[in-house]
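Reviewing the structure listed below.
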Amino acid sequence: MGQVLTGAGLLLRGLKMVVSRPKLFALGMVPPLVTSVLLVVVLVVLGLNLDTIVGAFTGFADQWGTLGTVVRAVIAVVLFLAVLLLMVLTFTTLTLALGDPIYQRISQRVDAELGALPAAPSEPTGVMVARTIKQTVATIGLSLLAAVGCFAVGLVPAVGTVLAAIVSAITGGRLMVREITGPAFERRGLFQTAARRPILQQHRALTMGFGIPVFWLLSIPGVAILVFPAAVAGATMLVRRMHSAEPSPKEVTHQ
């Protein structure tokens with residue numbers, strides 16, 4: 001539990017750091033502002049057509065009276081959770097891709113203030129572009145599978161809605177951390193997600209404490225714009241902590 005709370009605290013520390021630098025904070029809000037517009041449009045379209053979509057899944061319950069109404073309500077909630085999971089993860093991936101130079105700058109600034117900067121490894125531009133496209137497609141694919149799994153779990157009688165919310169939070173938090181720690185990991189020469197996975201798994205409680213709150217906050221379009229720069233800063237602190245058993249004196253000072 002201590003690690004979970006520490007992970008959650010890193011988001012607050014990241015927010016404190018970027019807010020104290022208004023220009024950098026404002027710059028970090030531009031990419032999520034653009035992608036939030038797309039997210040809002042999709043959610044509005046989903047809301048306007050939710051009855052039609054749910055009806056396509058629940059035609060069998062038309063003659064069930066009150067029970068049919070309950071079934072439709074449950075499926076509507078589960079469907080919304082599944083789509084929300086897909087949209088937030090896609091939003092994060094696209095925002096990081098769109099604002100990569102900005103978030104690299106924020107992450108680098110955090111590293112510079114908390115200790116010596118890691119030696120920045122070079123990566124050929126062509127290799128970087130190919131890797132970014134591959135990782136983006138893979139993340140969107142995983143997000144789609146996670147959304148389908150969330151929807152399937154939500155259909156479990158009696159406890160499905162609660163299970164779907166839990167699965168959405170845990171899965172979303174894990175994939176969120178994998179994406180948003182990218183800039184800090186890349187500065188340390190860990191370009192491939194396969195190379196980062198053992199580190200993230202070794203510090204599962206810490207990453208979940210950070211990732212789940214970030215996931216839920218990014219699911220709120222207006223809040224997401226404010227949270228995203230702070231999340232990148234907090235993710236850099238998270239990577240620093242995972243790479244060092246003992247925080248540096250500067251890290252202790254900033255706590």
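Nothing here was measured: the structure is a model prediction, and the numbers come from that model.
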- [ ] Could you tell me whether the side chains of Thr236 and Arg109 share a donor-acceptor contact shorter than 3.5 Å?
- [x] no

Task: Thr90 side chain to Ser143 side chain, donor-acceptor N/O pair below 3.5 angstrom - done: no

Open item on the list: Taking Met17's backbone N and O only, do any of them form a donor-acceptor pair with Ser20's side chain (distance below 3.5 Å, no angle check)?
Closed with: yes

Task: Nearest-0.5 Å distance, OG1 of residue Thr171 to CG of residue Leu89 - done: 8.5 Å

Open item on the list: Has Arg187 got a side-chain atom pairing as donor or acceptor with Gln104's backbone, closer than 3.5 angstrom?
Closed with: yes

- [ ] Kindly say whether Gln135 contributes a backbone atom to a donor-acceptor pair with the side chain of Thr139 at under 3.5 angstrom?
- [x] yes

- [ ] Would you mind reporting whether Met242 and Phe185 have side-chain heavy atoms less than 4.5 Å apart?
- [x] yes

Task: Spacing of Lys16 atom NZ and Arg21 atom CZ [to the nearest 0.5 Å] - done: 10.0 Å

Task: Flag side-chain contact, heavy atom, 4.5 Å: Ile106 against Pro229 - done: yes

Open item on the list: Same cluster or not: Leu206 versus Trp216, using hydrophobic residues (I, L, V, M, F, W, Y) connected whenever any side-chain heavy atoms lie under 4.5 Å apart?
Closed with: yes

Task: Between CE on residue Met237 and CG on residue Leu11, distance to nearest 0.5 Å - done: 10.0 Å

Task: Close side-chain approach of Phe191 and Val127, heavy atoms under 4.5 Å - done: no

- [ ] May I ask you to decide whether Arg196 forms a salt bridge with Glu179, counting only side-chain N to carboxylate O separations under 4.0 Å?
- [x] no

Task: CZ/Arg131: more than 12 non-hydrogen atoms of other groups inside 6.0 Å - done: yes

Task: Leu145 CG to Leu86 CG distance, which is reported to the nearest 0.5 Å - done: 10.0 Å

TODO: On the 0 to 90° scale, with breaks at 30° and 60°, tag the Phe91-Phe228 ring pair as parallel, tilted or perpendicular.
DONE: perpendicular

- [ ] Enter the distance from Leu175:CG to Ile140:CD1 here, rounded to the nearest 0.5 Å.
- [x] 12.0 Å

TODO: Find the distance between CD1 (Ile199) and OG1 (Thr181) and round it off to the nearest 0.5 Å.
DONE: 9.0 Å

- [ ] Would you mind reporting whether Leu85 and Phe215 have side-chain heavy atoms less than 4.5 Å apart?
- [x] yes

- [ ] Spell out, as yes or no, whether a donor-acceptor pair under 3.5 Å connects the side chain of Arg178 to the backbone of Thr193.
- [x] no

Task: Within-4.5 Å side-chain heavy-atom neighbours: Leu84 and Ser168 - done: no

TODO: Using side-chain contact (heavy atoms from CB on, under 4.5 Å) as the criterion, list what pairs up with Met208, not counting sequence neighbours.
DONE: Ile170, Arg174, Arg204, Ile212

Open item on the list: When you compare the side chain of Tyr103 with that of Thr95, does any pair of heavy atoms fall below 4.5 Å?
Closed with: yes

Open item on the list: Please enumerate all residues that pass side-chain contact (heavy atoms from CB on, under 4.5 Å) together with Leu38, with sequence neighbours excluded.
Closed with: none

